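Being a predicted model, the structure only gives us computed values, none of them experimental. Just so it is clear: chains get the letters A, B, ... in the order the sequence lines come, proteins before strands, and each one is counted from 1.
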Amino acid sequence: MSKKFHVSTTVNGDPVEFLCDSRETVLDVLRDRLSLTGAKEGCGTGDCGACSITVDDRLVCACLMLGAEAEGKSIETVEGIAAGEDLHPLQKRFIEYAALQCGICTPGILVAAKNLLEKHPDPTEEQVRYWLAGNLCRCTGYDKIIRAVMDTAAEMREAS
Amino acid sequence: MARDEFEAERTTYNFVGTRPDRPDGIDKVTGRARFGADMTAPGMLHAVILRSPHAHAKIVKIDTSKAEAAPGVKAIVTRADFADGLDGENWNILENVMAGDTALYDGHAVCALAATSMLEARDAAKLVEIEYERIPHVTDVDKAMAPGAPVIREGADDGSVPAGMHPNVVRYHESGHGDVEAGFAKADLVLEETFKTEATHQGYIEPHACLGHMGTDGKGELWCCTQGHWNVQKVCAALLGTETSALRVTASEIGGGFGGKTAVFIEPVALALSRKANRPVKLVMPRADVFRATGPTSPASMDIKIGMTKDGTITAAKGVFRLSGGAFPEAPMEFSAMCAFACYDLENVLQMGYDVMSNRPKQAAYRAPGAPMAAFAVESVLDEMCNQLGLDPLEVRLKNAAKTGSKASYGPRFDQIGLVETLEAAINHPHYKAPLAEGQGRGVACGFWFNHGGETSVSLMLSEDGTAQIAVGTPDIGGSRASMALMAAEVLGIPYENIRCVIADTSSLGYNEISHGSRVTYASGLATIKAAKDAVNRMCQRAAAKWGIDPDAVYWEDGYAKPSGPNAGEFDPMHITEITANMGATGGPINGHFEATPEGAGVSFGTHIVDAEVDPETGHTKILRYTVVQDAGKAVHPTYVEGQYQGGAVQGIGWALNEEYIYGEDGSLQNALFLDYRVPVASDLPMIDTVIVEVPNPGHPFGVRGVGETGIVPPLAAIANAVSNAAGVRMRQLPASPPRILAALKDRDAG
Ligand code: FES
Ligand code: FES
């Protein structure tokens, strides 16, 4: 049994502590140790974006970051996007526009899109397409996803 | 299902055709939805599968002693832990799930183990010693049927193969009508070309995953992501040598399938490990295993010959289709053959198919299996002929289009079909008239798919408050729970929101065939409508009893039982809530059921238009504009229909331009990860325009045709035509990746 790391971090605003092996990724820790299964493992190699989370507001693939590296960080996952019962405008639009079919890519795409809109509230279509280029969706052909993100951006600009 | 069994066909709808939110939407945007890998159980073990690194090798020895002694290891299984004495497809599945004495492809499972943690399982896997003896391999379909190719399985020929062929050719198909030679003699232009496409993967983002528990008494529970859990139940029971009813299977949310999750790969392994360890076992496939050992389509090699008169009339068409389904006899070559010319009303047509075994993984269905590659070959030849004769490619297709009553190239006469309508919509679409710039090309193509009915059971249960639950058995792979609720709402006359549709487990509902063949909205939809009508009849009986009149004198409208006319008596309409609130006292619970194998699935056609630009420096193709026109019969939830069209088109774009299985000289797969097996990403694509044509299917009460598969049939051809027209050189091999385009340009320039 190899030595475990004791890690203290914050996930979706809540303080958490866990022990993890030096080989475990943040994705392993979230899913297997913290029972936060919203982030998905589509590839484990940083190629699909299904595991997207933010760490101190930076968009990362949870499968490419070690659990031990989470010490002292602030992590946000799809489970933290809605404020209680209130869905984020992106979440509402995704349902309304059918920007998901199977929904396995959705957690990662929502995390990535939210991060985009926080940094660039008025993105062009090209910007959205490039920002989400690391998030594979095999079902939708992206059309409805791009429209949902663009229209949510417009809605949020109007609201603010 | 005879169509006269249905009451007068509906033409106006209150719910069908609207676009409400899907019932699983909130779960899926909040991370709550539970997919295959999201489930846990107390005492659960984690499993890994060890796979052959060789394309073809005798398994000389598997020594598990060191692994067994490793910390945390609770069970190890090999082929000896599964049932023996199987035959037919069950034997093939077992042979694929766990190799016997020979590893048949790179990635073939040979051993599996379960341990108390994933890390321990991975560590222990390194201690299993497997000795292989490599034997010659072949992965290319043409080479596999050439003289001298290594034989994959002696005696696998099913008896249909013409004499003198290589033993790797295991099945043969031939169909058609008329006299093709006489037809070619009448043509002004006869063109014959050879085409090739590589294997692709469905590329669902969710790897296969399951959690199984089987006790030593042979009773088991299984949770898994699958397109068909009754099939999983049946196959697992057979492979483990237990009774089907002893295993209860629950389908998780499914993270994409496209046909690839119709097959069984890992579930029997998890159950075998669990039976040995007597603990629940979770098994999740790493992505590389998904590529190496599940799903791919068949690589295809095809010869097409078409004769045409100067005015664009096709006089004869002939096609030969050679497909490999890997080391197993099942390439969908007959579907390639039967779909190839199905769009056209032909006097003379002949098509032949060869199923060829090679050292590749067992092929699995991928949206309209076999049809996209055939369409690529046929529609490329048509495009070339239109270019040579100076004819408009859509007008030529319209001139030859199959219509209601046409004799299909594969045999039957078509019932009511909508190909002409999709062609007319495409011709009149602004896209088709839009100007093209220098260096850009436009491609068009048509596509056909059969669609399927299949065994179906649905139950509809009314609650005392007048709301309804529907139990269906077809996993929801694209929003079908919403479609079922819409169809039930239409019949019951209650709000969509008052209906909850769930995917029942195998112990809660009768048998349901897999979600495949574009059958869910058609067959489960039909069964839902009939189950709702069954419940409505029972409610009418309750109202009749209350009123003391004949049940035939009661009809149902907008959620009310009503007396059918003045002769029936004067009674106030009775609302559903009034009937259900009292059902316990008036005869007991009210449920509706329907079980059948509906056979009126209704074939489907589509026409695609695509504009592309090819960079002659790099060989890179940019898709500039894309329009899908397809017949849906009746779109129950139009947004989801559009989604199917868009998703199919983009998968087709990937197949046409980038995606391919690349095998090395040693027969191992070179690109088993998403970085190297590059599926389309958002920045590769334009918006995908859709046009939903609605020519009702007479075999469904609301006219529904399946829409899931046809959308991937035309894109390979349409894009190849666009690329060929843009680059000025015919692309006869897909994917038309940058290196292939550069090579084609170089060949052209070299003359
Ligand atoms: S699982 Fe992390 S990028 Fe695919
Ligand atoms: S909705 Fe299925 S992968 Fe995106």
Practice task
Anything under 30° is parallel, anything over 60° is perpendicular, the rest tilted; go ahead and classify B:W655 against B:Y366.
Solution key: parallel

Handout entry: Student check: side-chain heavy atoms of B:L45 and B:K282 closer than 4.5 Å
Key = no

Exercise for the section: Under 4.5 Å, counting heavy-atom pairs only, tell me which of B:I477, B:D27, B:I254 racks up the most with chain A. Expected result: B:I254

Exercise for the section: Heavy atoms only, distances under 4.5 angstrom: which of B:D684, B:T30, B:D38, B:V650 has the most pairs with chain A? Name it, please. Expected result: B:D38

Completion exercise
Highest number of heavy-atom pairs under 4.5 Å with chain A among B:P207, B:A288, B:G478, B:S117 belongs to B:P207

Exercise for the section: Assess B:K261 against B:Y204: is NZ or CZ under 6.0 Å from the centre of the six-membered ring, and within 45 degrees of the ring's axis? Expected result: yes

Completion exercise
Counting heavy-atom pairs under 4.5 angstrom with chain B, the leader among A:C43, A:P107, A:C105, A:A82 is A:C43

Problem - Region of A:A133 that comes under 4.5 Å of a non-hydrogen atom in chain B - result: both

Handout entry: Part of A:E41 lying under 4.5 Å from any heavy atom of chain B
Key = backbone

Practice task
Measure the shortest side-chain to side-chain distance between A:R31 and A:L36 over non-hydrogen atoms and say whether it is less than 4.5 angstrom.
Solution key: no

Handout entry: Charged tip of A:K3 within 45° of A:F5 ring normal and under 6.0 Å
Key = yes

Handout entry: For chain B, the option from A:Y130, A:F94, A:Y142 that forms the most heavy-atom pairs under 4.5 Å
Key = A:Y142

Handout entry: Ring-face cation of B:R22 near B:Y640 (centre distance under 6.0 Å, axis angle within 45°)
Key = yes

Practice task
Flag the one option from A:A99, A:G38, A:C102, A:G103 with the top tally of heavy-atom pairs under 4.5 Å to chain B.
Solution key: A:C102

Fill in the blank from the handout: If you tally heavy-atom pairs under 4.5 Å between each of A:E125, A:H88, A:R147 and chain B, the highest tally belongs to A:R147

Exercise for the section: Walk me through it: do B:T294 and B:H201 pass the test side-chain hydrogen bond (donor to acceptor under 3.5 Å, both in side chains)? Expected result: CA-CA 8 Å; B:T294 74; B:H201 195 276; 2.9 Å; yes

Completion exercise
Honestly, the part of A:L110 sitting under 4.5 Å from a heavy atom of chain B is side chain

Fill in the blank from the handout: One option among B:A33, B:G72, B:G203 has the most heavy-atom pairs under 4.5 Å with chain A, and it is B:G203

Practice task
Sort out for me which residue in A:V11, A:L30, A:N12 forms a side chain to side chain contact (heavy atoms under 4.5 Å, CB included) with A:E79.
Solution key: A:N12

Handout entry: For chain A, the option from B:R19, B:Q202, B:E642, B:K28 that forms the most heavy-atom pairs under 4.5 Å
Key = B:K28

Handout entry: Part of A:L100 within contact of chain B (heavy atom distance under 4.5 Å)
Key = both

Problem - Selection from B:D24, B:T40, B:T639, B:V290 maximising heavy-atom pairs under 4.5 Å formed with chain A - result: B:T639

